[in-house]
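Worth saying up front: this structure is predicted, and the values here are computed from it rather than measured.
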Amino acid sequence: MSALGTLIVYRGMGKDLETEGSRVVLIVYVFLASLAAGLVGGLALLLLVIPGIYVTLRFQSTTAAIMLEERGPVRGLQRSWGISGGNVWTIFGVGLVFFVVSMIFWGGAVLATGGIPTGTTAEVVQGIEQQATYGSAVQYVLTGPIQLCCTVYMYEAFRAK
């Protein structure tokens, strides 16, 4: 979804994109690169939290690199790593803003579903799962497109440097 969204946002910025390859191949590349980035980021997160966050931030632009520059998965990861080098704090700040907004939506889901669940352990777990589902759905629908626009805009700005 973010692969096609990246192209839509890029065109919405008034940019023209000429591609020679198949969009389907690029989407497969995005999937493979996302899988690799997730594995590396997850491994770094298991070792220590800070390196995991750092690696995840450095790979934030992988989808944009693949879709906008028609790169393969490895070259997309390399491009994202290279382009984010001096911009990690900017990427972190934008991510932090979206994290805070997500927590606000999750808090709204808690309030909308009756507050903090009480009862047996099973009832509490079920209530929290329901709240997380509602909060995630609302957050994804409302902030997902905005976050995608920010990612593409940052990528374009970093690439222009």
Side-chain angles (χ1 to χ4, degrees), residues 1-110 132-161:
M1 184 64 135
S2 66
L4 295 176
T6 298
L7 297 175
I8 293 168
V9 169
Y10 193 71
R11 285 200 176 138
M13 291 170 56
K15 305 286 185 173
D16 204 13
L17 184 63
E18 297 177 17
T19 58
E20 297 175 7
S22 167
R23 299 260 191 252
V24 175
V25 171
L26 293 175
I27 291 170
V28 170
Y29 287 167
V30 167
F31 173 76
L32 293 173
S34 297
L35 186 64
L39 290 173
V40 171
L43 180 63
L45 195 58
L46 284 175
L47 296 175
L48 291 170
V49 174
I50 302 301
I53 292 171
Y54 179 78
V55 168
T56 302
L57 292 172
R58 293 293 299 265
F59 287 145
Q60 183 73 28
S61 300
T62 301
T63 299
I66 292 171
M67 295 304 293
L68 300 179
E69 296 184 15
E70 295 188 47
R71 294 175 178 265
V74 173
R75 289 187 37 151
L77 288 165
Q78 290 171 338
R79 178 68 168 152
S80 179
W81 188 270
I83 207 168
S84 64
N87 302 301
V88 173
W89 284 111
T90 302
I91 298 167
F92 178 77
V94 170
L96 186 62
V97 168
F98 282 103
F99 175 76
V100 169
V101 170
S102 297
M103 290 298 100
I104 292 169
F105 282 126
W106 191 79
V110 169
T133 301
Y134 292 150
S136 296
V138 169
Q139 181 270 334
Y140 182 76
V141 168
L142 295 179
T143 65
I146 297 168
Q147 189 170 9
L148 180 62
C149 289
C150 287
T151 300
V152 173
Y153 180 78
M154 283 190 303
Y155 179 78
E156 186 64 15
F158 300 158
R159 186 167 71 161
K161 286 184 178 180

Student check: side-chain heavy atoms of Asn87 and Met154 closer than 4.5 Å |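 Of all side-chain heavy-atom pairs linking Met154 with Asn87, none is under 4.5 Å.
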
Between Thr63 and Tyr155, is any pair of side-chain heavy atoms under 4.5 Å apart?
->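 Counting from C-beta outward, Thr63 and Tyr155 never come under 4.5 Å.
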
First locate atom OG1 of Thr151, then atom CD1 of Ile91, and finally report the distance between them rounded to the nearest 0.5 Å.
->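 Between atom OG1 of Thr151 and atom CD1 of Ile91 there are 8.5 Å.
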
Interatomic spacing from CD1 in Ile53 to CZ in Arg58 - rounded to 0.5 Å =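 Reported to 0.5 Å precision, the distance equals 15.0 Å.
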
For Arg75 and Glu69, what are the C-alpha separation, side-chain angles and deciding distance, and is it a side-chain contact (heavy atoms from CB on, under 4.5 Å)?
-> CA-CA 10 Å; Arg75 289 187 37 151; Glu69 296 184 15; over 6 Å; no

With under 30° as parallel and over 60° as perpendicular, where do the rings of Trp81 and Phe59 fit, or are they tilted in between?
->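 Trp81 and Phe59: tilted rings.
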
Give the minimum heavy-atom separation between Ala65 and Gly76, together with the two atoms involved.
->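 Nearest pair, atom of Ala65 first, then Gly76: CB-O, 3.8 Å.
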
Could you pull out the closest heavy-atom pair between Ser80 and Ser61, with the gap in Å?
->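 Residues Ser80 and Ser61, closest heavy atoms: OG-N, 3.1 Å.
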
